[in-house]
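Here's the structure we're looking at; comments come further down.
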2 protein chains.
Amino acid sequence: MTPRSSLSPAAAKPVAARRTRNKPEERHREFVRKAVELFAEIGFEAGTRELAQRLGVTQPLLYRYFPSKDDLIAAVYQEIYVNRWKKEWREGLIDDTRPIRERIIAFYEDYTATIFTPEWIRIYLFAGLRGVDINRRYAATVEEEILRPITLATRHSFGLGEEPPTPEEVELFWTLQGGIFYYGVREIVYQFPMPVDRSAMIRNAVDTFLAGVGPVLKRLAERVEVPA
Amino acid sequence: MTPRSSLSPAAAKPVAARRTRNKPEERHREFVRKAVELFAEIGFEAGTRELAQRLGVTQPLLYRYFPSKDDLIAAVYQEIYVNRWKKEWREGLIDDTRPIRERIIAFYEDYTATIFTPEWIRIYLFAGLRGVDINRRYAATVEEEILRPITLATRHSFGLGEEPPTPEEVELFWTLQGGIFYYGVREIVYQFPMPVDRSAMIRNAVDTFLAGVGPVLKRLAERVEVPA
DNA sequence: CATGTTATTTATCAAGCGATAATTAATAGG
DNA sequence: CCTATTAATTATCGCTTGATAAATAACATG
């Protein structure tokens with residue numbers, strides 16, 4: 001494609017602050033890392049020139065590594081949604097040698113340690129507002145790999161049978177998940193003063209939830225009609 | 001200011017599809033309404049030309065009603081954060097002639113009916129990501145007008161004293177608030193399939209919370225150290 | 001040390017942005 | 001009906017954006 005006609009040797013005026021060459025692999029990773037940082041700050045409408053400046057390179061160089069800005073954004077998604085996901089989360093949750101409370105608290109400790117960063121939370125919110133697909137898929141993964149296992153394990157620990165969780169039951173655990181997630185949004189996005197530290201919040205939220213979820217699970221299992 | 005020099009009468013070529021004139025007040029409201037709609041869809045980087053097109057007017061006309069795009073955005077904030085807030089929410093919550101469960105459920109029914117719209121939720125998230133102030137102030141209002149009253153009323157209904165709520169106690173109720181809010185994010189922003197209807201979600205979340213919050217409130221009141 | 005490859009730069013384009021100035025025409029008041 | 005007012009338009013400016021083409025220089029290989 002790139003036609004290289006007319007090698008006219010008489011058109012050189014500006015000398016340059018030339019950078020040393022880097023290995024393409026390292027550059028690629030470096031570009032994605034800084035793109036995550038920039039997009040988390042500004043949003044995906046952040047300019048490619050700003051990114052290049054932060055990297056100390058020129059803007060067209062980005063297009064040697066990513067055919068378009070959308071491809072760069074796709075690489076950022078991959079980094080956030082895929083690379084930071086841990087298979088151990090599910091494994092820890094279904095390990096019924098430990099008490100349910102311990103498992104759930106340990107999971108949320110580790111999960112929040114992973115996602116409660118400006119990069120993760122802000123890019124997650126930006127992505128959700130930009131297009132629907134990626135976050136819907138992420139939510140489906142959370143439901144399948146985290147919430148259904150938690151639901152089953154909790155139901156089991158209350159002696160309530162082993163059938164697949166109903167949507168109502170899973171929804172209950174979404175409320176817990178959302179409540180904890182929103183703590184991160186307030187802390188990191190709104191920068192709201194947070195007088196209660198994260199671990200205490202998790203313990204109190206989980207303890208409240210586990211202390212109260214038994215009767216509601218039983219009610220759902222028995223299909224009891226609830227008064228408004 | 002506007003200098004009107006050289007009234008040269010010989011420079012008219014294009015005829016126009018001229019619109020009828022509207023009252024400035026109505027126009028102002030119409031512009032804000034459509035701006036809310038557009039910004040909710042696209043975000044605040046949506047173009048003024050796009051907005052003008054949707055309104056069926058030309059782009060410079062916007063600048064007769066709003067000195068700058070930021071002023072238009074400020075009007076949108078006012079519409080979402082101020083105009084849609086209801087004083088009755090607080091009043092209903094502190095009305096201790098009704099049972100606490102009923103008050104809390106009634107509040108969340110009405111609150112979610114107000115904010116679970118694409119306009120409200122998406123603009124709220126866009127605003128939070130754009131700048132920190134407005135959502136931090138909104139969160140402060142929610143804490144003061146909603147969560148502290150709920151906390152006090154709940155503590156009272158458990159016979160636990162009338163002192164001002166501690167941060168740990170308020171944080172507990174933030175978890176409930178966040179859990180319910182996140183239902184709206186999943187439904188409206190991520191367009192996740194929601195098999196459980198809103199009222200059932202609210203009832204189950206509130207019942208779980210109220211069934212479990214007693215022991216945790218007592219523990220917090222007695223400053224008991226909690227195992228990890 | 002010469003040569004080919006390619007990482008990186010310079011230069012530039014077309015489109016879109018927010019905003020302003022000048023012009024035109026709809027309406028109200030005498 | 002004429003006139004002053006002003007809502008609304010046309011035209012345009014300066015700047016930024018994503019992207020491409022061409023030139024240049026660092027490095028690997030013989």
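Just so we're clear, the structure is a prediction, and the values are computed from it rather than from any experiment. Scope of the values below: all heavy atoms of this structure, side chains included, with no hydrogens, waters or symmetry mates.
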(request) Enumerate the residue pairs fulfilling salt bridge (charged side-chain N to carboxylate O under 4.0 Å, His left out) with a member in residues 112-125 of chain A, sequence neighbours excluded, ordered by first and then second residue. (result) A/Arg84-A/Glu119

(message) Nearest whole Å is fine: how far is C/dA7 C1' from A/Phe66 CZ?
(response) 15 Å

(message) In whole Å, I'd like the distance from the NE2 atom of A/His28 to the C1' atom of C/dA7.
(response) 15 Å

(request) Sort and list the pairs that fulfil salt bridge (charged side-chain N to carboxylate O under 4.0 Å, His left out) and have at least one residue in residues 59-77 of chain B, not counting sequence neighbours. (result) B/Asp70-B/Arg130

(message) If I take atom CG in residue A/Leu62 and atom C1' in nucleotide C/dA7, what distance separates them, rounded to the nearest angstrom?
(response) 13 Å

(request) Between C/dT8, D/dA8, C/dG18, spot the one nearest the side chain of A/Arg27, thanks. (result) C/dT8

(request) Measure from the side-chain heavy atoms of A/Pro60 and tell me the nearest of D/dG18, D/dA11, C/dT10. (result) C/dT10

(request) With a 4.0 Å heavy-atom cut-off, tell me which residues in residues 37-52 of chain A come close to DNA chain D, sorted by residue number. (result) A/Ala46, A/Gly47, A/Thr48, A/Arg49

(message) Rounded to whole Å, how long is the line connecting atom CG of B/Leu55 with atom C1' of D/dA7?
(response) 15 Å

(request) Grab the CG-C1' distance between B/Leu61 and C/dT20 for me, whole Å please. (result) 14 Å

(request) Using the test salt bridge (Lys or Arg N to Asp or Glu O under 4.0 Å), find all partners of B/Glu88 that sit at least two apart in sequence or belong to another chain. (result) none

(request) Identify which nucleotide among D/dA21, D/dT6, D/dT10 has an atom closest to any side-chain atom of B/Thr58, counting heavy atoms from C-beta outward. (result) D/dT10

(message) Rounding to an integer number of Å, can you tell me how far A/Glu26 CD sits from D/dC27 P?
(response) 13 Å

(request) Find the distance A/Gln59:CD to D/dG18:C1' and express it as a whole number of Å. (result) 7 Å

(message) Using 30° and 60° as the class boundaries, would you call the ring planes of B/Tyr111 and B/Trp120 parallel, tilted or perpendicular?
(response) perpendicular

(message) Below 30° counts as parallel, above 60° as perpendicular, anything between as tilted: where do the rings of A/Tyr124 and B/Tyr190 land?
(response) perpendicular

(message) Please report the distance, rounded to the nearest Å, between CZ in A/Arg64 and P in D/dT24.
(response) 16 Å

(request) Go through the structure and list residues passing salt bridge (Lys or Arg N to Asp or Glu O under 4.0 Å) with B/Arg103, not counting sequence neighbours. (result) none

(message) Contact list please: residues 68-81 of chain B against DNA chain D, heavy atoms, distance less than 4.0 Å, in numerical order.
(response) none

(request) Please identify each residue that fulfils salt bridge (Lys or Arg N to Asp or Glu O under 4.0 Å) with A/Arg33, with sequence neighbours left out. (result) none

(request) Can you tell me which residue pairs pass the salt bridge (charged side-chain N to carboxylate O under 4.0 Å, His left out) test with a partner in residues 105-118 of chain B, sequence neighbours excluded? (result) B/Lys86-B/Asp110

(request) Tell me what B/Tyr65 touches on the nucleic acid: a base, only sugar-phosphate, or nothing, going by heavy atoms under 4.0 Å. (result) sugar-phosphate

(request) Just grab all the salt bridge (charged side-chain N to carboxylate O under 4.0 Å, His left out) pairs involving residues 186-196 of chain A, residues at least two apart or on different chains. (result) A/Arg186-B/Glu171, A/Glu187-A/Arg198

(message) Side chain of A/Tyr63, heavy atoms from C-beta onward: which of C/dA11, D/dT9, D/dG18 has the nearest atom to it?
(response) D/dG18

